[in-house]
Protein chains: 2
Amino acid sequence: MEDRPQGQAAEDGAARRIPKAVIKRLSLYSRVLQNLEMKNITKVSSKELSEHLGQNPAQVRKDLAYFGQFGTPGVGYYVAELRAQIKRILRTDREVRAAVVGVGNLGQALLAYTGFAREGFRIPIAFDTDPLKVGRTIGSAQVLPVEELEERIRQYGIEIIILAVPSEPAQAIADRVIRCGITAILNFVPTRLVVPPGVKVHYVDLTIELESLAYYLK
Amino acid sequence: MEDRPQGQAAEDGAARRIPKAVIKRLSLYSRVLQNLEMKNITKVSSKELSEHLGQNPAQVRKDLAYFGQFGTPGVGYYVAELRAQIKRILRTDREVRAAVVGVGNLGQALLAYTGFAREGFRIPIAFDTDPLKVGRTIGSAQVLPVEELEERIRQYGIEIIILAVPSEPAQAIADRVIRCGITAILNFVPTRLVVPPGVKVHYVDLTIELESLAYYLK
DNA sequence: TAGATTGTTAATCGATTAACAATC
DNA sequence: TAGATTGTTAATCGATTAACAATC
């Protein structure tokens, strides 16, 4: 599965381990390309693209080179085409369904946030233990009791779990969703989750972000 | 200012450029130490500390070594003392005041979030353009009209701005707060801010986090 | 003291940037 | 064609990990 003929570029295969930073930049490029598209700009060079991001043009070219050849020497990249390719690489050239677990302040904000839908994500359901929250609709999500977690994840074809519960139940919830096939978790809980290999967790730690800013004061 | 005698460890001076990743890990260590303290554990080795974080013990020691010598060979680190030192390094051994600009869904969630207060942050004020929001109190913050931005930042001794406005006004707001002395911005807006040297911006980009997770599906 | 663990230097690893032949 | 820009290799830079003398 991981040792395979080294020769080919393997445009589509997930052959070499792609650095996580590359994947994040790809998503960033996609957004810049979206903006360019809206301005009716059809072509862009790696230099121009990099300037929008405060980065190095060589990095843009190298990031893309992990996945294939998308440009034209002497010309640059075609905006619409490159964006389509990146969306395909990121697997967001289709509707991806996510669910929020924990409908507290943060959970509600995430459900009401419109930025996800813009990239093709749908959040049809959310879960909470509070009977007062169950039954409500926030954004486009219906709030369901956490008892129905497994059943509803399957029913709605959920692929990503957005975790916004308190610290205490976080690991138990993670265990449950992983047991029913979830492999991607966006974790807002300040707790390190222990997960089996093959499950990917992205941590968003608001306190760390704020506290580490304080270091640069004065 | 940046070339100085290389000899000494310079425990307190911000001498060498400390990698941003080191600062973030320091904040992470602080939280683990806080948990250990609550369990009445008084001593901890770099090995134990690193296990709580899924990291390398040498990295823990090296991170701390940027700032001084806090451990005892053969013993390890004293939990309470090390935590106090880290808080001092991070400049969070005092009350740090922040303000939220933009009281939409995300802004409200951040104001209601209790995790910041736990680390000594206070958010006494927030700003919005909507007259229906102005005058309300969310969490411990009073919502003020954005016209009063400069005046109120000075009045309340605000040091960090948490930016949660729409994309369009983000740069203009940043310019205004920087002009009145702010040097640290926590930016939730998916827009690259152009700021003068000396101003530190941390980006939290929810869409990028979610979209880059999709890559690991299937 | 013997055992354990630090602080720090050296080795390794990986990511970023520069350079340039290939090519439109 | 001449000019521009890609894709890719090589050079540089920085961060992580290993190793070990110093020391409690």
Side-chain angles (χ1 to χ4, degrees), chain A residues 2 6-12 15-26 28-29 33 36 41-79 81-83 85-86 89 212, chain B residues 2 6-12 15-26 28-29 33 36 41-79 81-83 85-86 89 212:
Chain A
E2 50 190 332
Q6 285 285 37
Q8 272 292 58
E11 199 247 277
D12 44 14
R16 289 144 304 165
R17 249 317 130 251
I18 313 288
K20 196 164 139 177
V22 171
I23 301 299
K24 292 207 176 174
R25 284 197 296 264
L26 242 41
L28 226 39
Y29 301 158
L33 291 166
L36 294 175
I41 294 168
T42 56
K43 287 182 296 187
V44 68
S45 69
S46 61
K47 181 155 179 291
E48 291 162 338
L49 205 43
S50 71
E51 278 162 3
H52 284 278
L53 298 150
Q55 281 177 14
N56 184 298
Q59 184 163 70
V60 172
R61 298 199 297 277
K62 195 149 200 293
D63 285 349
L64 296 174
Y66 277 103
F67 301 96
Q69 308 189 162
F70 306 112
T72 311
V75 177
Y77 303 89
Y78 289 96
V79 171
E81 191 204 309
L82 181 58
R83 175 142 205 273
Q85 293 284 0
I86 291 177
I89 292 164
S212 59
Chain B
E2 49 191 333
Q6 285 286 36
Q8 270 293 58
E11 200 247 276
D12 44 15
R16 288 143 303 163
R17 248 319 128 248
I18 313 286
K20 196 165 140 179
V22 171
I23 301 299
K24 294 208 174 175
R25 283 196 297 264
L26 243 40
L28 226 38
Y29 301 158
L33 291 165
L36 294 176
I41 294 167
T42 57
K43 287 182 296 187
V44 68
S45 68
S46 60
K47 183 157 178 289
E48 290 163 339
L49 205 43
S50 69
E51 279 162 2
H52 283 278
L53 299 151
Q55 280 177 14
N56 185 297
Q59 184 163 70
V60 172
R61 298 199 297 275
K62 194 149 201 289
D63 286 347
L64 296 173
Y66 278 102
F67 302 97
Q69 309 188 162
F70 306 112
T72 311
V75 178
Y77 303 88
Y78 290 97
V79 171
E81 193 205 307
L82 181 57
R83 175 142 204 272
Q85 293 283 0
I86 290 177
I89 293 164
S212 59

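Below, all heavy atoms of this structure are taken into account, side chains as well, without hydrogens, waters or symmetry copies.
Here the side chains of Asp63(A) and Ile18(A) are not in contact, with every heavy-atom distance at 4.5 Å or above. Contact check for Leu64(A) versus Ile86(A): side-chain heavy atoms found under the 4.5 Å cut-off. For the pair Leu33(A) and Val79(A), the minimum side-chain heavy-atom distance is below 4.5 Å. At a threshold of 4.5 Å between non-hydrogen side-chain atoms, the residues Arg25(B) and Leu53(B) do not count as touching. Two residues are said to be in side-chain contact when any heavy atoms from C-beta on lie closer than 4.5 Å; Leu26(B) and Tyr66(B) fail this criterion. No side-chain heavy atom of Tyr29(B) sits less than 4.5 Å from a side-chain heavy atom of Leu82(B).
Taken residue by residue, residues 43-55 of chain A places heavy atoms nearer than 4.0 Å to DNA chain D at Ser45(A), Ser46(A).
Both Thr72(A) and Ala21(A) lie near DNA chain C, and the one whose nearest nucleotide falls closer to the 5' end is Ala21(A). Between Asp63(B) and Gly74(B), it is Asp63(B) whose nearest contact on DNA chain D lies nearer the 5' terminus. Both Val22(A) and Pro73(A) sit near DNA chain C, but only Val22(A) has its closest nucleotide nearer the 5' end.
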If a pair means Watson-Crick or G-U wobble with both distances below 3.5 Å, what does DNA chain D look like in dot-bracket form, with | marking bases paired to a different strand? ..||||||||||||||||||||||
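Between the side chain of Gln59(B) and the main chain of Asn56(B), no donor-acceptor pair closer than 3.5 Å is present.
Interface limits on DNA chain D: the 5'-most and 3'-most nucleotides within less than 4.0 Å of chain A heavy atoms are dA4(D) to dT9(D).
Within a 6.0 Å sphere centred on NZ of Lys47(A), heavy atoms belonging to other residues, nucleotides or ligands number 12 at most. Atom NZ of Lys43(A) sits in a sparse spot, with 12 or fewer heavy atoms from other residues, nucleotides or ligands closer than 6.0 Å.
Looking at Glu51(A), Gln55(A), Arg61(A), Lys62(A) one by one, the single match for side chain to side chain donor-acceptor pair (under 3.5 Å) with Ser46(A) turns out to be Arg61(A).
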